[in-house]
Protein chains: 2
Amino acid sequence: MSHTKKYTEVALHALKEKGYRITKPRRLVVEMLNTSDIALSAYEIRDRLEAEGEKVDKVSIYRILECLEENHLIHRVLMTGKVRKCQLEDEDHCHLNQADHCHHLLICEQCGFIEEVHCPGMNRIVQQVAEDAQFTVKSHHLEFLGLCQKCNSPHHKKTAAN
Amino acid sequence: MSHTKKYTEVALHALKEKGYRITKPRRLVVEMLNTSDIALSAYEIRDRLEAEGEKVDKVSIYRILECLEENHLIHRVLMTGKVRKCQLEDEDHCHLNQADHCHHLLICEQCGFIEEVHCPGMNRIVQQVAEDAQFTVKSHHLEFLGLCQKCNSPHHKKTAAN
DNA sequence: TTTGTACTGCAATATTATTGCAATAGTAAA
DNA sequence: TTTACTATTGCAATAATATTGCAGTACAAA
Ligand SMILES: [Mn+2]
Ligand SMILES: [Mn+2]
Ligand SMILES: [Zn+2]
Ligand SMILES: [Zn+2]
C-alpha cells in the first residue's frame, strides 16, 4: 500500500548511485508517485504537481518516467490503459463458446508475431493470489515478451514485421 | 498463426447470432485482422484498408474493435502499447537489487488501488510455456483485474479513486 | 567557485481516442 | 420486391497522449 516517506530518498539515491543527478523535477515526480495510492499517467502527475504549485513540463515528466522505468523504480499498469493493438482470437482455442476468456500471449519483440497459449497452472495461481490478498479476481491478462522460434535461430535475418 | 479464410465468416456469423448486423466495414476489419500475422492498431487497420482501396473511417474502426472485443472475438496486446500509467515499485519486494523484475499486479477496478504480488508458481509456467512453444521468454507481465478487499465488502460505498 | 554536461523547458508536431449528430445501409416484415 | 425501422457509419470537432530538436539551466565534481 502506502510507501514510507523515506522511500523517495531510497529511489533517488538508487539513481544517484548509477550516475544520474538528483534534480528537483525527479524528486517531485518520485514524491508524487510515492504519495499516490493509485497509478498515475504523465499528465495526471503534471496536473497534481501544478495543483501543489509545482510546475514541471510534461516532456520532462515523460523523460523522468522513462528513466525510472529503465531503472526498475516504477512499473507500468497495462490493463487500465487505452492504447490498443488488436488481434483476432486464436482459431484453435476459440473463445466463442467459452465462459472464461483468458489471454496468455507470447509476443516476439523482433518480428511482432504473437501466439496464444494455454497456461494450465494459472487457475491455481489465480486462486492462491485471490486467497492471499483477499482479492476477488474477475479477469487476468498474461503476456510474455521474447523471441519466437524463427527469430531465435542464428541463421535467421531480421524481419520487417509482416 | 495464420487463420483460415472461413474464420472471417465464423466471426461475423457469431456477431449476427447476437443480433449485430453484418456490415461492410465490419467485414473489412475482421478480414484485415484475419490476414495479418501481427497485431494491428486502429490506425494501422485504417491505413492498410486504404492501401487496398477501401475507406473506413477511424471512428468506425474504433467502434468495431470495441464491439469485437466485447464479444471476445479479438483481444488486446498490452505490452507493446505506449500509453502509460505508472506506479512506484513495491517497497517490500523492492526490485532495486533483483535480477528479475516481475510485475504481478492486482488491480481494483472500483477504486484503482493496485497491489503487487508474488506468484510462486510463475517460474514453472514460464519454463513450461517456453519449452512448449520453443519461445525464448525475456520478460513477462501479469495483471489481475477485480475487487480489492475494501471494495468487496458489502458495507463499503463507492470510492472516488484516491 | 568554476566548469562541464546532464537535464530541463519550450515550441512544434505526431499519434491515439472520444463525442454528437446527420446520413446511410442492413434487416425483417409487408 | 419494396417498405420501414433503426443499427451503424462517416464527418467534424475536440480531447488525450506522446515525441523531437534545441537553447538555456542547474547539478555535481574538481
Ligand atoms: Mn485471447
Ligand atoms: Mn513491479
Ligand atoms: Zn519473431
Ligand atoms: Zn478497491
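Here is the naming used below: chain letters follow the sequence lines, and residue numbers restart at 1 for every chain. As the structure is a prediction and not an experimental result, all values here were calculated from the model.
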### Summary
Interatomic distance, CG@Leu147(B) vs CD1@Ile107(B), rounded to 0.5 Å, equals 12.5 Å
### Message
Taking the nucleotide of DNA chain C with the nearest heavy atom to each, does Arg63(B) or Val59(A) sit closer to the 5' end?
### Response
Val59(A)
### Task
Using a heavy-atom cut-off of under 4.0 Å over every strand shown, decide if Ile64(A) touches base, sugar-phosphate, or nothing.
sugar-phosphate
### Message
What is the separation between atom OH on Tyr20(B) and atom P on dA28(C), rounded to the nearest whole Å?
### Response
16 Å
### Query
With no hydrogens and no angle check, is any side-chain donor or acceptor of Asp57(B) less than 3.5 Å from a backbone partner on Val59(B)?
yes
### Task
Specify the separation, in whole Å, of atom NZ of Lys24(B) and atom P of dT27(C).
15 Å
### Message
How many whole angstroms separate atom CG of Leu68(B) from atom P of dT8(D)?
### Response
12 Å
### Task
Using atom CG of Leu65(A) as one end and atom P of dA18(D) as the other, report the distance to the nearest whole Å.
9 Å
### Task
Could you check how far CD of Glu70(B) sits from C1' of dA7(D), rounded to whole Å?
14 Å
### Distance-only donor-acceptor test (3.5 Å): side chain Arg21(A), base dA28(D)
no
### Given dC27(D), dT19(D), dT6(D), the nucleotide with the shortest approach to the side chain of Thr23(A)
dC27(D)
### Message
Expressed as a whole number of angstroms, how long is the span from Glu17(A):CD to dA28(D):C1'?
### Response
15 Å
### Task
Check every strand shown and say whether Ser60(B) touches a base, only sugar-phosphate, or nothing at a heavy-atom separation below 4.0 Å.
base
### Query
If you look at every strand shown and take non-hydrogen atoms under 4.0 Å, does Lys55(B) touch a base, only sugar-phosphate, or nothing?
sugar-phosphate
### Task
May I ask you to test the Arg76(A)-Met79(B) pair for a side-chain heavy-atom distance under 4.5 Å?
no
### Message
Between His104(B) and His140(A), is there a side-chain donor-acceptor contact under 3.5 Å, judged purely by atom types and distance?
### Response
no
## Note on the structure
Here the distance between atom C1' of dG9(C) and atom CD of Glu54(A), to the nearest Å, is 15 Å
### Task
Using heavy atoms to find the nearest nucleotide of DNA chain D for Val83(B) and Ile61(B) separately, return the residue whose nucleotide is more 5′.
Ile61(B)
### Task
Would you kindly check whether a donor in the side chain of Tyr43(B) faces an acceptor in the base of dA17(C), or vice versa, at under 3.5 angstrom?
yes
### Task
Find which nucleotide of DNA chain D each of Gly19(B) and Ser41(A) is nearest to by heavy atoms, and output the residue with the more 5' nucleotide.
Gly19(B)
### Query
Is any NZ, NE, NH1 or NH2 atom of the basic residue among Glu54(B) and Arg48(B) found under 4.0 Å from an Asp or Glu carboxylate oxygen of the other?
no
### Query
Mapping Lys16(B) and Lys82(B) to their closest nucleotides on DNA chain C, which lands nearer the 5' end?
Lys82(B)
### Query
To the nearest Å, how far apart are Glu66(B) CD and dA7(D) P?
16 Å
